[in-house]
> 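Here it is, the structure in full.
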Amino acid sequence: MFSILLLTLSVAAMAQFGLYYWRSLVAGIAAQPVSDRVCEAAGLDHKAPAGEDFGALLSLHRLTPDLEGPAGNLTALQVYYSAMAAISKLAKSSLPAAARWASSEMSTCSRYVAVLVGQRLESNLACAAAIRSI
């Protein structure tokens, strides 16, 4: 019985560590500057992407090919964004601090996708320049 409890706690701790590690990777990439080209291409009226811009940026990400390797899969990010949107919606009236936190997490997700799209655009422009110079 004790071994099952220990295994369960160990698995839960590893899952928590994995989630924190993944979240730190997303936050690190989202902290990079967002290109003005990305904001223009996504049709954003403001300079920095907000949480509600996630859908537009995700569709732009799907339109930009990744010429350097396999396309990145954003399924985990989409699930995380959906969870944060649900938390924000549920906590809006009863827990405003949790709703603000979830909203900031949604903005981080949008910035992450915007940075990835910017990196893809720069990579594609560099590849096109290299092809033209041949």
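For reference, positions follow the sequence shown, starting with 1. Hydrogens, waters and symmetry mates are skipped; everything else that's a heavy atom, side chains included, is used.
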> With hydrophobic residues grouped by side-chain heavy-atom distances under 4.5 Å, do F54 and W22 end up in a single group?
yes
> What distance do L74 atom CG and H61 atom NE2 have between them, rounded to the nearest 0.5 Å?
4.5 Å
> If I take atom CG from residue L60 and atom CZ from residue R120, how far apart are they, to the nearest 0.5 angstrom?
10.0 Å
> From C109 SG over to L77 CG, what is the distance, rounded to the nearest 0.5 angstrom?
4.5 Å
> Verify the cluster assignment for L125 and V117: are they in a single hydrophobic cluster under the rule of side-chain heavy atoms below 4.5 Å apart?
no
> For the residue pair A114 and V34, what are the closest heavy atoms and their distance?
CB-CG1, 3.8 Å
> Identify all side-chain donor-acceptor contacts of residues 78-94 below 3.5 Å with residues at least two apart in sequence or on another chain.
{"unit_1": "Y80", "atom_1": "OH", "unit_2": "E105", "atom_2": "OE1", "d": "2.5"}
{"unit_1": "Y81", "atom_1": "OH", "unit_2": "G51", "atom_2": "O", "d": "2.5"}
{"unit_1": "S82", "atom_1": "OG", "unit_2": "Q78", "atom_2": "O", "d": "3.0"}

> Side chain to side chain contact (heavy atoms under 4.5 Å, CB included) for V38 and L57? Distances and angles first, verdict last.
CA-CA 8 Å; V38 174; L57 291 165; 3.9 Å; yes
> Just by modelled atom types, is the A27 backbone N or O under 3.5 Å from a matching donor or acceptor in the T108 side chain?
no
> Specify the closest pair of heavy atoms between Y112 and V26, including all atoms of both residues, with the distance to one decimal.
CD1-O, 3.6 Å
> Atom CZ of R111 and atom CG of L116: how far apart are they, to the nearest 0.5 Å?
12.0 Å
> Any side-chain to backbone donor/acceptor pair from S123 onto Q119? Under 3.5 Å, distance only.
no
> Could you tell me which residues satisfy side chain to side chain contact (heavy atoms under 4.5 Å, CB included) with Y21, sequence neighbours excluded, listed by chain and number?
S24, L25
> Has the side chain of T8 got a donor or acceptor atom that lies under 3.5 Å from a matching backbone atom of I4?
yes
> So which heavy atom on V115 is nearest to which on P33, and how close?
CG2-O, 4.1 Å
> Can you list the residues that meet the side-chain hydrogen bond (donor to acceptor under 3.5 Å, both in side chains) rule with E40, with sequence neighbours excluded?
none
> Taking ILVMFWY side chains as joined if any heavy atoms are under 4.5 angstrom apart, and letting links pass through other members, which residues group with L7?
V11
> Look up atom SG in C127 and atom CD in E122, then write down how far apart they are to the nearest 0.5 Å.
13.0 Å
> Can you name the residues that form a side chain to side chain contact (heavy atoms under 4.5 Å, CB included) with S59, not counting sequence neighbours?
none
> Check side chain to side chain contact (heavy atoms under 4.5 Å, CB included) between A56 and all other residues, then give those that pass, not counting sequence neighbours.
none
> Which value, rounded to the nearest 0.5 Å, describes the distance between L6 atom CG and M1 atom CE?
12.5 Å
> Please check if atom CZ in R23 has more than 12 non-hydrogen atoms from other residues, nucleotides or ligands closer than 6.0 Å.
yes
